[in-house]
Amino acid sequence: MILTVAVFMLAAAIVAVTFSRRRLLRVGGTGLHLSLALILIGAAITHRWGERGRVSLHIGSTPVSQWTMDGGSTAEFPFRLQLVDCGVEYHPGVSTARDYYSVLRVSGSLEPDREFRISMNNTLDIDGYRFTQAGLGDGTSTLGVSHDPIGTGVSFTAYGLLFLFMGWVLLGSRRYRALVRRVGAAAAVLMLSFPAYSAPKVLQRPLADTYGRIYVVYSGRVCQLQTLARDFAVKVHGSPSYKGLTPEQLLTGWIYYYNDWKKEPFIKLKSHEARDIADGRYVALGSLFATSGYLLEPALSPGNAPSASLLADDEKVSMVARMVTGRGVDIFLPDDSLASFAITRTMEGVAEAVAHGRYNRADSLLREVVRWQENFGHEAVPGRLCVVAERLRNTTSYPIAAAIISLLAAGIAIGFMRGNCRWRWVAGCVAVIPLLYLSYMIVLRWIISGHIPLSSGYETMMALAWICLVVSVTAGIRVRILQPLGLLAAGAALMVASIGAKDPSVSPLIPVLSSRLLSLHVMLVMASYALFAMIALNSIYALLSRSDIRMHGSADVSVLLLYPAVFLLGAGIFVGAIWADRSWGRYWGWDPKETCALVTFILYALPLHSLTFKWFSRPRNLHIYLAVAFLSVIMTYYGVNFLRPGLHSY
């Protein structure tokens, strides 16, 4: 009750302040602030009068009309529910869940008796009640229940008004248009060997390439073995190549010529403990074992509290061991029993042919395996376009190179900010190279995964870099300082992405993430983060320059970027709330990441109120604040993953 009253009072305060300053705010600003107040009112109504709980149903049981609320009490539905069917749908050919569903029969409601299907991101709304898929058992389905027709309606109406007035402010505000003209007219100023080894025994490259074309079950999906081979090489060795050998040659070398490969310094150790024990950064598998056993075993005991990097090194050793013993490659077998038997026997023939040096025979047998897989497993085997896209990705995924090019272009732009326009034009042309590369890689991953590639830290860093490069190449033409700022931010994001490339696998989305609203939510938030990064760099530059003229010019640039950045973050938060309501039955849950995102939104919204908070009118104060405020973005994106993991962690 106290929280509800406090929220209503805060909303009333916003309304009062807004009307007291309505002449300064104009229509757009007034509507925007009133929309925020209405969102708070909706949230208060939901908190005080909204009802949430669960109901468990069993196939074949009698219709149910009661549900259990979160507090433990029971309540009655104005209708009856009966479970007709429930289960799990899987991606073809693999054991990865694609969706969870329940089929309900609803009777006694205002509508005629009907059957409804509930699944992830597909809720049931009836007579003011919302049902979401919360759990499944053996013939049992647990549904989440929420009853909040007034609070949700008020909040979503407020979201719509908020989006409308954010667009109004950006497109119709005289103050913002004047800022655009002032910044566009101002000339913003910125000061700102590998040792040679003899190769171990491997399959000939054409045969290894054919081997890479067979289909395997990997990372929860069906793909060609080339992908598994590349990821194996990158994870264990840190690079897709070793002594000029292809990933397929590396993987098959370990499978068929273990005695040669166990002597090769192929495993890259990350932890200091493992390097001290093995006496080197790159070690052979054989050197990690002695008569006393596995040399890393004592350091891995729970009593020694092994570090995360030591555990990662142990996982590399385990990965190699799985490949050597045949447990690391899961050959895709179609549902057809005859085809599965034929593939199994043919792979045994491949091993025999390789052992006797009959490589042409092994090549023809592998091609036969691929034909069996494609003919009898066509529902699970990816299409030709996906296969081509994945093979291209496997041979062209080098984010570190794009990072270096972006930083090089940034150096050129910085060096000639006040000088020859020709060199700034050169910097712009160089920036196009990583932009085209990132566009190419994002499209490839989109084709491979079947969804917008924004589901992992690696993919979101690539998206952030892409947004920064777009801003640099386009807006940098008119606002000169945005060219190096965008390139620096993109280079930093790509450096982070190159770390994520050590675990580059593409996996199917879990059912709850298969939503267009979620993709839009992530895109909006990442676009705002890209602008916040550029704002922080601009403020740091201004503070280092110590020039009043540059300080004022940079302040205009920061405010120019701050409006769309704050609005994009606000839109992203509220689109995420809409998605959560469709998936979980509630639009806000105070999860650590969404709470931090709200705090970030508030922190960055404050400088937009310089007429109220005069402290922000001074450029130096503004730059100090915006440079420090970026810590909230870092905390929201990275920090909560480690300090307070929640539903949004990855």
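This chain uses plain numbering: 1 for the first residue, then up along the sequence.
- The closest donor-acceptor contact from the side chain of S632 to the backbone of A629 lies under 3.5 Å.
- Proximity of W168 to L32: side-chain heavy atoms (C-beta onward) are nowhere separated by under 4.5 Å.
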- Task: Output, in order, the C-alpha distance, side-chain angles, deciding distance and verdict of side-chain contact (heavy atoms from CB on, under 4.5 Å) for K316 and M319.
- Result: CA-CA 5 Å; K316 294 177 183 180; M319 189 179 298; 5.6 Å; no

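- A donor-acceptor pair under 3.5 Å links the side-chain atoms of H33 to the main chain of G29, judged by distance alone.
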- Could you check W372 against T346 for side chain to side chain donor-acceptor pair (under 3.5 Å), going step by step and ending with a plain yes or no? CA-CA 10 Å; W372 278 96; T346 304; 5.1 Å; no

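- Other residues, nucleotides and ligands contribute over 12 non-hydrogen atoms within 6.0 Å of the CE atom of M69.
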- Where do W49 and D148 land on the side-chain contact (heavy atoms from CB on, under 4.5 Å) test, with the steps shown first? CA-CA 7 Å; W49 292 284; D148 178 38; 5.9 Å; no

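- Scored by the ring pair (Phe, Tyr, Trp, His ring centres under 6.0 Å) test, F630 finds no partners at all (sequence neighbours excluded).
- Across all non-hydrogen atoms, the minimal contact from F601 to G570 is CE1-CA, 3.6 Å.
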- Start with the C-alpha distance between T74 and Q66, add both sets of side-chain angles, then the distance that settles side chain to side chain donor-acceptor pair (under 3.5 Å), and finish with yes or no. CA-CA 7 Å; T74 59; Q66 286 188 334; 4.5 Å; no

- So L40 and F8, side-chain contact (heavy atoms from CB on, under 4.5 Å) or not? Walk me through it. CA-CA 7 Å; L40 290 175; F8 272 122; over 6 Å; no

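- Residues Q224 and I214 are not in side-chain contact: their nearest non-hydrogen atoms beyond the backbone lie 4.5 Å or more apart.
- In terms of modelled atom types and a separation under 3.5 Å, the side chain of H521 and the main chain of G572 share a donor-acceptor contact.
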- Item | Full working for salt bridge (Lys or Arg N to Asp or Glu O under 4.0 Å) between E89 and R117 | CA-CA 13 Å; E89 293 179 349; R117 189 179 191 275; 2.6 Å; yes

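- One distance of note links CD1 of I573 with CD1 of I578; it measures 12.5 Å at 0.5 Å rounding.
- A donor-acceptor pair under 3.5 Å links the side-chain atoms of Q373 to the main chain of Y215, judged by distance alone.
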- Message: Between R384 and E374, is the salt bridge (Lys or Arg N to Asp or Glu O under 4.0 Å) condition met? List the steps.
- Response: CA-CA 10 Å; R384 183 57 53 188; E374 292 179 342; 3.3 Å; yes

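- In terms of modelled atom types and a separation under 3.5 Å, the side chain of S61 and the main chain of H58 share a donor-acceptor contact.
- Distance alone, capped at 3.5 Å, places no donor-acceptor pair between the R230 side chain and the R391 backbone.
- Taking 4.5 Å as the limit, some side-chain heavy atom of L228 sits within range of a side-chain heavy atom of M323.
- To the nearest 0.5 angstrom, I126 atom CD1 is 10.5 Å from F77 atom CZ.
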- Test log, rule side-chain contact (heavy atoms from CB on, under 4.5 Å), inputs L81 and W67: CA-CA 10 Å; L81 301 176; W67 59 292; over 6 Å; no

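- Residue-environment remark: CZ (F341) stays at or below the threshold of 12 foreign heavy atoms within 6.0 Å.
- A salt bridge does not link R445 with E390: none of the charged nitrogens is closer than 4.0 Å to a carboxylate oxygen.
- Other residues, nucleotides and ligands contribute only 12 or fewer heavy atoms inside 6.0 Å of the CD1 atom of I150.
- Residues G87 and L136 come closest through the heavy atom pair O-CD1, 3.2 Å.
- Summarising the geometry, atom NE2 belonging to H147 is positioned 9.5 Å from atom CZ belonging to F131; distances are rounded to the nearest 0.5 Å.
- In terms of heavy atoms, I14 sits closest to A37 at CG2-CB, 4.0 Å.
- No donor-acceptor distance shorter than 3.5 angstrom exists from the side chain of S146 to the backbone of R52, with no hydrogens or angles considered.
- Side-chain contact between E115 and L104: absent, with no pair of heavy atoms (C-beta onward) separated by less than 4.5 Å.
- Using a 4.5 Å cut-off on side-chain heavy atoms (C-beta onward), D99 and Y90 make no contact.
- In this structure, CG in D138 is found 8.5 Å from CD1 in I59, a value given to the nearest 0.5 Å.
- Residues L392 and Y440 have side chains in contact (heavy-atom distance under 4.5 Å, counting atoms from C-beta outward).
- No donor-acceptor pair under 3.5 Å is formed between the side chain of R54 and the backbone N or O of L143.
- When all heavy atoms are compared, the tightest approach of T123 to D125 is OG1-OD2, 3.7 Å.
- Shown here for S102 and C86, the closest heavy-atom pair between the two residues is OG-CB, 3.8 Å.
- We find the CG-OG1 distance between L569 and T636 to be 8.0 Å, quoted to the nearest 0.5 Å.
- The closest side-chain heavy-atom distance from F163 to F574 is below 4.5 Å.
- Looking only at side-chain heavy atoms (C-beta outward), V329 and Y218 stay at 4.5 Å or farther from each other.
- Here the CG atom belonging to D314 is positioned 4.5 Å from the CG atom belonging to L300, to the nearest 0.5 angstrom.
- Considering all non-hydrogen atoms of both residues, P78 and Y129 come closest at CD-CE1, 3.4 Å.
- Ring centroids of F567 and F165 are separated by 6.0 Å or more, keeping the two rings apart.
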- Message: Could you go through S119 and Q133, starting from their C-alpha distance and side-chain angles, then the distance that decides it, and tell me whether this counts as side chain to side chain donor-acceptor pair (under 3.5 Å)?
- Response: CA-CA 6 Å; S119 60; Q133 187 65 57; over 6 Å; no

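- Remark: the backbone N or O of R371 is paired with a side-chain donor or acceptor of N375 at under 3.5 angstrom.
- Considering only residues two or more places apart in sequence or on other chains, R327 meets the salt bridge (Lys or Arg N to Asp or Glu O under 4.0 Å) condition with none of them.
- By the 6.0 Å contact criterion, CD on E379 is open, its count of non-hydrogen atoms from other residues, nucleotides or ligands being 12 or less.
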